[in-house]
*Asks:* 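This is the structure I want to talk about, given as structure tokens.
Here the structure is a predicted model, which is why all the values come from computation and not from measurement. Ligands are counted one by one from 1 in listed order, and the atoms in each one are counted from 1 as well. The first residue in the sequence is number 1, and the count goes up from there.
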Amino acid sequence: MELTKLTIAELQQGYANRQFSVTEVVSQYLAAIGKLDGKLKAFLVVQPESALARATELDRALAAGKEIGALAGVPLAVKDCLLTKGLQTTAGSQILAHYLPPYNATAVERLIKEGVIILGKTNCDEFAMGSSTENSAFGPTYNPWDLTRVPGGSSGGSAAAVAASLSLVALGSDTAGSIRQPASFCGVVGLKPTYGRVSRFGLIAMASSFDTVGPFSRTVADSAQVMQIIAGQDARDATSQARPVDDYLAALTKPVKDLTIGVPQEFFADGLDKYVAQAVRQAIDVFTNLGARVISVSLPTLPYALAAYYVIMPAEVSANLARYDGIKFGERIQADNLLALYHKTRGQLLGSEAKRRIMLGTYVLSSGYYESYYKRAQTARRAIQADFVRAFKEVDVLATPTAPTVAFPLGSHTSDPLSMYLQDVYTVPVNIAGLPAISLPGGFVDKLPVGLQLIGSAWSESTILRLAYAYEQATPWHNYTPTLPA
Ligand code: GLN
């Protein structure tokens, strides 16, 4: 039996009926990683011994009829930006090449408490900065649908691992699209929660006012189940909110007839690949067939979102990355004096994208420039937030493409940072406004997956999950999986 193709619900049922053991499931996943990850490079580290040891424990507990947790025996891959106790956490950077965290990120800790099995840590752009996973200091990850293409980024390893069935679910982080865009490129589901819904404690900070943690999975229900566990207030993240967490799984099967879906016209303008546009429009037609109301709306501030982000984000990055100096944090390159030590350590151990953003951030915050860049960008941020609030008075959900193109070839944007930044154009507004959004398989162009993005108002994860589920049930896309050359 091919156990790596089962959903969480199917696994749970199989465990309950003693059809297979946790050890068998974990062994199959580890075998798949062994066979395919040499080509994909989705993982930076795999921990077979501890995964199997944990599986044995769970099998014993199961046999003894003990309570084993809501996600017992569910294999999980974790983006290497999230701290895992005693397991290497590099954030894709040389400066953290040998870092062993003394504790788990809250999202990871909550999942462990519910019985997940961590298979390993997944590759990502250095400090989550990038859209292709090519900025990882440890080499790129390859797209399982076409090994000459990128998996998207920055959580490219997590998306590729789930798409290729090397893990059942995965965690990623999304600051401007880093869950949704790789989900789109790899043909899987990726959910970016409302800012404050999932604790950021133990997420290596990139741009703290945008950073979020969320799940990847092959089906909508699986993401709902992971969200159920990771959502909720955490005393160790002051920005996490006390609001009650909805029952996401129960929400999935509610009708979608009463929903109004807005299609923001600005998302279908220049720069969007014609075939992706076609696929997404067809995907949106499915909502009409499901009985929902679909209307055209306008988000006139969209053109400012990318510019505002690429001013505010580096400002936060420059502050957050200051700690990696070889003394307070990170690897050290010894030198004769303190200044030389800083120069060597940061000069040699940080990659060029990290350095570019530290410099940009330092610049936009410097006196004389603060008003014309940082302050203006914050004003734009408020205008964008207001635009969404206005739109959500009319509609329940916004439907858009996740990314302007399908997965692009490796190397095609690496020499032009601006063209790489443009990848975020449809995902970044959501982070600017702190809203929840999901990317789900919405069709194919040239045998490559296209992502459909559903954006909700703040705290409406259950609504976008419900609509995503209805769409998934009405379409075949989630059943397609990539076939990798053996
Ligand atoms: N492409 C975005 C960036 O480079 C993605 C960041 C993210 O979501 N982590 O900033």
Side-chain angles (χ1 to χ4, degrees), residues 78-82 91-93 105 122-136 140-141 150-159 170-185 190-193 195 198 200 203-216 305-318 320-321 350-361 364 377 381 402-405 407-408 412-414 416-439 451 453 455:
V78 180
K79 184 183 189 181
D80 214 22
C81 284
L82 285 150
S93 182
T122 55
N123 198 14
C124 57
D125 287 296
E126 185 173 12
F127 289 106
M129 298 190 276
S131 304
S132 67
T133 317
E134 291 167 294
N135 292 337
S136 166
T141 295
V150 303
S154 62
S155 317
S158 285
L171 284 180
S173 65
D174 192 311
T175 303
S178 281
I179 291 176
R180 290 160 288 155
Q181 185 254 19
S184 160
F185 280 15
L191 175 66
K192 174 236 175 273
Y195 185 83
V198 176
R200 289 180 296 116
L203 169 67
I204 292 180
M206 177 191 158
S208 309
S209 77
F210 303 96
D211 294 343
T212 54
V213 176
F216 285 94
L306 203 60
Y309 172 73
Y310 276 93
V311 171
I312 302 169
M313 171 274 295
E316 297 183 14
V317 164
S318 68
N320 277 330
L321 266 54
L350 288 174
S352 53
E353 188 58 35
K355 286 186 222 168
R356 180 178 299 119
R357 295 191 192 197
I358 291 168
M359 287 188 280
L360 271 172
V364 299
R381 184 175 195 170
T402 304
T405 63
F408 47 83
S412 56
H413 292 294
T414 36
D416 180 3
L418 270 182
S419 78
M420 191 71 95
Y421 298 169
L422 279 168
Q423 281 302 316
D424 307 335
V425 62
Y426 303 138
T427 45
V428 76
V430 174
N431 301 73
I432 289 199
L435 305 174
I438 191 166
S439 179
Q453 177 175 238
I455 308 170

*Asks:* Roughly how far, to the nearest 0.5 Å, is CD1 of I432 from OH of Y195?
*Replies:* 14.0 Å
*Asks:* Between the side chain of D174 and the main-chain N/O of G177, is any donor-acceptor distance below 3.5 Å?
*Replies:*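 At least one qualifying donor-acceptor pair exists.
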*Asks:* By the definition side-chain hydrogen bond (donor to acceptor under 3.5 Å, both in side chains), identify the one residue from D424, T427, N431 that meets it with R180.
*Replies:* N431
*Asks:* Looking only at non-hydrogen atoms, which of F127, Y421, F210, Y309 approaches atom 10 (O) of ligand 1 most closely?
*Replies:* Y309
*Asks:* Would you say D174 and ligand 1 have an N/O pair spaced under 3.5 Å apart?
*Replies:* no
*Asks:* Just to be sure I read this right, does ligand 1 sit under 4.0 Å from the backbone of R180, its side chain, both, or neither, counting only heavy atoms?
*Replies:*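 Contact part for R180 vs ligand 1: neither.
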*Asks:* Can you name the atoms of ligand 1, numbered from 1 with element, that are less than 4.0 Å from a heavy atom of G130?
*Replies:* 1 (N), 2 (C), 3 (C), 4 (O), 5 (C)
*Asks:* Under 4.0 Å from any heavy atom of T175, which atoms of ligand 1 are there?
*Replies:*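 Heavy-atom distances to T175 below 4.0 Å select 7 (C), 8 (O), 9 (N).
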*Asks:* Which ligand 1 atoms, with their elements, are less than 4.0 angstrom from a heavy-atom of M129?
*Replies:*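 Listed by number with element: 4 (O).
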*Asks:* State whether a side-chain donor-acceptor pair under 3.5 Å links S154 with N135.
*Replies:*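 No donor-acceptor contact under 3.5 Å links the two side chains.
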*Asks:* At less than 4.0 angstrom from any non-hydrogen atom of S178, what atoms of ligand 1 do you find?
*Replies:*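 Per the distance check, 5 (C), 6 (C), 7 (C), 8 (O), 9 (N).
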*Asks:* Taking only heavy atoms of D424, which atoms of ligand 1 are found under 4.0 Å from at least one of them?
*Replies:* 1 (N), 2 (C), 3 (C)
*Asks:* For M206, which part has a heavy atom under 4.0 Å from ligand 1: side chain, backbone, both, or neither?
*Replies:*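 The answer is the side chain.
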*Asks:* Does the cation-pi check pass for R356 over Y310, that is, NZ or CZ under 6.0 Å from the six-membered ring centre and within 45° of its axis?
*Replies:* no
*Asks:* For T402 and S184, which I'm curious about, is there any donor-acceptor pair between the side chains at under 3.5 Å?
*Replies:*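 There is no such pair (donor and acceptor under 3.5 Å, judged by atom type) between the side chains of T402 and S184.
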*Asks:* Which atoms of ligand 1 are found less than 4.0 Å from any heavy atom of S154?
*Replies:* 9 (N)
*Asks:* For K79 and S158, test the side chains for any donor-to-acceptor distance below 3.5 angstrom and give the result as yes or no.
*Replies:* no
*Asks:* Scan side-chain atoms only and decide if E126 and S93 contain a donor-acceptor pair under the 3.5 Å cut-off.
*Replies:*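 There is such a pair between these side chains.
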*Asks:* Short list, please: which atoms of ligand 1 are under 4.0 Å from a heavy atom of A128?
*Replies:*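 Matching atoms, with element in brackets: 6 (C), 7 (C), 9 (N).
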*Asks:* Distance under 4.0 Å to a non-hydrogen atom of Y310: what atoms of ligand 1 satisfy this?
*Replies:* 1 (N), 2 (C), 3 (C), 4 (O), 10 (O)
*Asks:* Apply the side-chain hydrogen bond (donor to acceptor under 3.5 Å, both in side chains) test between N123 and each candidate in T141, T133, D80; give the one that qualifies.
*Replies:* T141
*Asks:* Considering both backbone and side-chain atoms of A176, is one of its nitrogen or oxygen atoms within less than 3.5 Å of a nitrogen or oxygen in ligand 1?
*Replies:*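 Right, the criterion is met.
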